[in-house]
Amino acid sequence: MEREQGATLTHIVVLPCPLQGHINPMLQFSKRLASKGLKVTLLTPKSIVKSMKGQATSVTFKPIDDDDDSGELITAETMEAYGERFKAMFSHGLEGLIEKNKSYGYATKLVVYDSILPWAVDIAKQHGIGAAPFITQSCTIAAIYYNLYQERFTLPLQEPEVSLPSLPLLRMDDMPTFISQPGLYPSLLRVCLEMYHNLHEVNWVFCNSFDKLEEEVVSWISSQWPIKNIGPTIPSMYLDKRLKDDKNYNLSLFKPSVDACMKWLDSKDTGTVVYVSFGSLAALGEEQMEELALGLKRSDRYFLWVVRESETKKLPTKFIEETTERGLVVTWCPQLEVLSHKAVGCFMTHCGWNSTLEALSLGVPMVVMPQWSDQTTNSKCVMDVWKVGIRVKVDDKGMVTREEIELCINEVMGEKKEEKRRD
Ligand SMILES: O=c1ccn([C@@H]2O[C@H](COP(=O)(O)OP(=O)(O)O[C@H]3O[C@H](CO)[C@@H](O)[C@H](O)[C@H]3O)[C@@H](O)[C@H]2O)c(=O)[nH]1
């Protein structure tokens, strides 16, 4: 039976890097492909499949044996060490799946791989299969790295501002941090550039963005490689409502406090809550965490703050007890439900690309406090290009002070709110 069905289906294999911010958009894209009648299999480590907690989707999950049973999640600090491990684990799994499909009598047509896993092209080519990288960040970011790859500029940056085709003038602190501070995460910068080595071998380059958002840069990239924007990969029920069952991301590596958050938000008036989250990887320093906590306290607004389990020890003593009247601190929340709740008037975010697209799609103005990687460039676009938020200022010690946080929140939540929120 499986053999007969397989013979009539076009089979696509999807290979995301197993991080929340990468799985979400690639799984969403997979669901869209499956809704068009394609058979889609998503390869991911066993430990991650377990975290699906029984939520079914139209996509088949193929668990790969994971040599790490610790259950520990990857953070910004540990990410560099994972590169080689991913390669060993996934290349074996990908080969195995392609061979198995062949033996069932139906062939894999295309491998859609996370652009930070570019060695997948070699495996696809060895088997005569098409290949397409999936960029989980913006076209602007993809263009900046491509310009560096082509040596239109070199590192360390020599000028205070960089001018690149189709992009706004970029200051040092607008650049992705792997570029502005190349010594910090050298192997991650290498990973970001590697995808361009074999671009001439791929069929498409999928990007989680949309043409209208980045018109000029998309047009420039189109003259270089076969880009296809397929974003924003927000669950359909928040956007076009074409896929009735597509209400959430279906896979969470963290346990969200759904009822607590929604009940708390229901009790608040329209536009009165600041939602604060720094995504799945960022880890603030203890002093910065304290400034943020005290900034929220000073702002005297209601706040819903996601502090991941691993970060809670950095909260100032008694902060939670002292702010119960105004704030709710949780270790993870259903972010889309939160952002679309009428009580939320502002999103204080690290400006990860998924969070940025979610805020843009749901019309929530932002206070942006970028931490690393692409977030600095996303912040530049949020503030100066799309004008849907403001970016905090960092002082000469590299700190965002409590006063600055209070000021920015009040600016977005106060008289400027109506101007920035687009329903
Ligand atoms: O309490 C929470 C917090 C977050 N999310 C979701 O988790 C995802 C987080 O993604 P993102 O905002 O992109 O942040 P990171 O997890 O930090 O993502 C990493 O991957 C992104 C895509 O490559 C990059 O843009 C970021 O810089 C990088 O840190 C989003 O879909 C959120 O909706 C929740 O569901 N609940």
Side-chain angles (χ1 to χ4, degrees), residues 16-29 51 55 73-79 82 114-117 133-142 144-145 176-178 185 188 191-192 195 206-209 231-235 238 247-258 260-262 265 275-284 304-312 328-341 344 347-362 364 366 368-379 381-382:
C17 182
L19 299 166
Q20 190 75 62
H22 289 235
I23 295 177
N24 282 3
M26 293 190 74
L27 174 55
Q28 282 308 116
F29 182 50
S51 69
Q55 290 167 313
L73 292 169
I74 301 163
T75 65
E77 295 310 317
T78 58
M79 226 186 123
Y82 278 84
D114 195 316
S115 65
I116 62 172
L117 308 174
F134 185 109
I135 299 174
T136 59
Q137 302 185 354
S138 69
C139 294
T140 300
I141 290 290
I144 294 173
Y145 285 134
T177 58
F178 302 157
Y185 296 101
L188 293 184
V191 165
C192 293
M195 73 162 271
F206 296 122
C207 188
N208 183 18
S209 187
T233 55
I234 315 286
Y238 290 90
K247 298 186 177 113
N248 59 46
Y249 286 120
N250 288 101
L251 197 154
S252 183
L253 305 184
F254 306 84
K255 193 171 179 325
S257 306
V258 182
C261 291
M262 301 323 286
L265 286 174
Y275 167 57
V276 190
S277 168
F278 287 77
S280 65
L281 291 172
L284 301 189
L304 169 55
W305 186 7
V306 176
V307 181
R308 294 192 320 275
E309 191 80 53
S310 56
E311 300 292 290
T312 49
L328 177 67
V329 178
V330 294
T331 52
W332 198 249
C333 79
Q335 183 161 300
L336 282 165
E337 281 178 64
V338 167
L339 284 175
S340 55
H341 196 288
V344 172
F347 181 15
M348 176 146 200
T349 170
H350 67 318
C351 232
W353 187 237
N354 296 288
S355 294
T356 306
L357 284 176
E358 289 162 14
L360 278 167
S361 303
L362 297 168
V364 184
M366 289 170 260
V368 295
M369 186 166 152
Q371 298 301 301
W372 77 324
S373 183
D374 57 330
Q375 296 155 17
T376 34
T377 317
N378 300 341
S379 299
C381 294
V382 163

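Counting starts at 1 for both ligands and their atoms, in listed order.
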> What class does the angle between the rings of His350 and Phe278 fall in, given that below 30° is parallel, 30 to 60° is tilted and above 60° is perpendicular?
Replying inline: tilted

> Against heavy atoms of Asn24, which atoms of ligand 1 measure under 4.0 Å?
Replying inline: 7 (O), 8 (C), 30 (C), 31 (O)

> Taking only heavy atoms of Ser355, which atoms of ligand 1 are found under 4.0 Å from at least one of them?
Replying inline: 11 (P), 12 (O)

> Under a 4.0 Å heavy-atom limit, does Thr136 contact ligand 1 with its side chain, its backbone, both, or neither?
Replying inline: both

> For Leu336 and Glu358, which heavy atoms make the closest approach, and how far apart are they?
Replying inline: CD2-CG, 3.8 Å

> Mind checking what makes ring-ring contact (aromatic ring centres under 6.0 Å, His included) contact with Phe347, not counting sequence neighbours?
Replying inline: Tyr275

> Is the closest heavy atom of Ala282 to ligand 1 under 4.0 Å?
Replying inline: no

> Should you measure from each heavy atom of His350, which atoms of ligand 1 turn up under 4.0 Å away?
Replying inline: 12 (O), 14 (O), 15 (P), 17 (O)

>> Could you tell me, atom by atom, which parts of ligand 1 come under 4.0 Å of a heavy atom of Asp374?
In response: 24 (C), 25 (O), 26 (C), 27 (O)

> Can you find a pair of side-chain heavy atoms, one from Ser361 and one from Tyr238, that are under 4.5 Å apart?
Replying inline: no

> At a non-hydrogen distance cut-off of under 4.0 Å, which region of Val306 contacts ligand 1 (side chain, backbone, both, or neither)?
Replying inline: side chain

>> Starting from atom 18 (O) of ligand 1, what is the nearest protein heavy atom, named by residue and atom, and what distance separates them?
In response: Gly21 CA, 3.9 Å

> Relative to atom 28 (C) of ligand 1, which among Gln371, Gln375, Gln28 owns the nearest non-hydrogen atom?
Replying inline: Gln375

>> Can you name the atoms of ligand 1, numbered from 1 with element, that are less than 4.0 Å from a heavy atom of Ser280?
In response: 15 (P), 16 (O), 17 (O)

> Counting heavy atoms only, which part of Trp372 comes closer than 4.0 Å to ligand 1: side chain, backbone, both or neither?
Replying inline: side chain

>> I want to confirm something. Looking only at heavy atoms, which of Trp332, Trp305, Tyr249 is nearest to atom 7 (O) of ligand 1?
In response: Trp332

> With Ser257, which residues qualify under side chain to side chain contact (heavy atoms under 4.5 Å, CB included), at least two apart?
Replying inline: Ala260, Cys261, Val330

> So do Thr136 and Asn208 actually touch side chain to side chain, heavy atoms under 4.5 Å?
Replying inline: no

>> Out of all atoms in ligand 1, which are within 4.0 Å of some heavy atom of Gln137? Include the element for each.
In response: 23 (O), 24 (C)

>> If we set the cut-off at 4.0 Å for heavy atoms, which region of Ser277 has an atom near ligand 1: side chain, backbone, both, or neither?
In response: side chain

> Looking at atom 21 (C) of ligand 1, what's its closest protein heavy atom, distance included?
Replying inline: Asn354 ND2, 4.1 Å

> Is it true that a side-chain atom of Thr177 and a backbone atom of Ser373 form a donor plus acceptor pair closer than 3.5 Å?
Replying inline: yes

> So how far is it from Thr356 OG1 to Gln375 CD, rounded to the nearest 0.5 Å?
Replying inline: 8.0 Å

>> Regarding ligand 1, does Cys333 bring an N or O atom to under 3.5 Å of one of the ligand's N or O atoms?
In response: yes

> Is there a donor-acceptor contact under 3.5 Å from the side chain of Ser355 to the main chain of Cys351?
Replying inline: no

